[in-house]
Amino acid sequence: MTATPASSALAAPTPRAWATAQRPEACRLELLLDQAHLEKKAAAGAVTFLFRVPYEPRWQRGLSALAREELVHFERTLKLLERRDRGFARQQQSGYAAGLKQGIASDMPGRLVDELLVAALIEARSCERMDLLAQELGDVDRELADFYADLVAAEARHEQLYREIAAELAGAEVAAARWSELAAHEARVIAALPFAPRLHSGPAANELTPEEVTDGR
Ligand SMILES: [Fe+2]
Ligand SMILES: [Fe+2]
């Protein structure tokens with residue numbers, strides 16, 4: 001298995017079974033739609049940070065480039081969806097981002113540092129899972145596997161940028177301690193989510209039964 005720079009920083013790795021359970025065509029289509037939403041949100045998040053972090057040319061350039069890169073990913077995902085006759089549509093919230101927010105300090109300046117670290121954690125988890133999907137889907141969907149493999153390096157860079165800004169704002173030691181706490185929180189959040197064809201869903205063992213799906217759980 002290829003190790004990515006980001007996956008080593010997570011508190012709990014994703015089991016390969018999660019990616020194996022995403023092999024059916026219906027899952028791959030939903031994952032692509034999810035990807036489009038995630039890329040768009042990632043671009044918006046980066047633009048928001050441009051206005052929130054103190055003015056520092058390196059950060060401004062880095063965040064601007066990051067936002068542009070996420071929009072390029074968004075457009076690439078839309079093209080793939082179009083080729084598969086799957087239109088862009090709303091999707092139910094996965095619960096991941098909302099769960100992560102609960103771990104964020106409510107007061108400044110800790111809040112901004114936490115938000116940057118949570119953005120880095122989302123990048124890290126996305127990177128780890130895209131790498132898993134790239135490895136798992138090659139024999140059923142070469143195009144999708146290559147697409148994920150292409151994005152992995154960019155998402156790892158995004159994680160690094162958010163972590164660097166957080167470390168410069170809070171100091172390396174404080175940021176590292178906070179990273180450990182938030183990474184542990186992230187691992188608990190994602191382990192408790194139901195399994196779904198979403199990049200940030202829970203483990204395959206949490207798959208809902210058909211009855212639970214019908215109940216709208
Ligand atoms: Fe992206
Ligand atoms: Fe990203």
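First listed ligand is number 1; within each ligand, the first listed atom is number 1.
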Tyr96 and His200 aromatic ring geometry - parallel, tilted or perpendicular at 30°/60° bounds: parallel

Count of N, O or S atoms belonging to protein, less than 2.8 Å from the Fe ion (ligand 2): 5

Lys/Arg N to Asp/Glu carboxylate O, Arg28 vs Glu25, below 4.0 Å: no

Approximate separation, where rounding is to 0.5 Å, of Glu181 CD and Leu117 CG: 10.5 Å

Among His37, Gln35, Gln22, Gln91, side chain to side chain contact (heavy atoms under 4.5 Å, CB included) partner for Arg198: Gln91

Arg84 bridged to Glu143 by N-O distance under 4.0 Å: yes

Partners passing ring-ring contact (aromatic ring centres under 6.0 Å, His included) against Tyr148 (at least two apart in sequence or in another chain): none

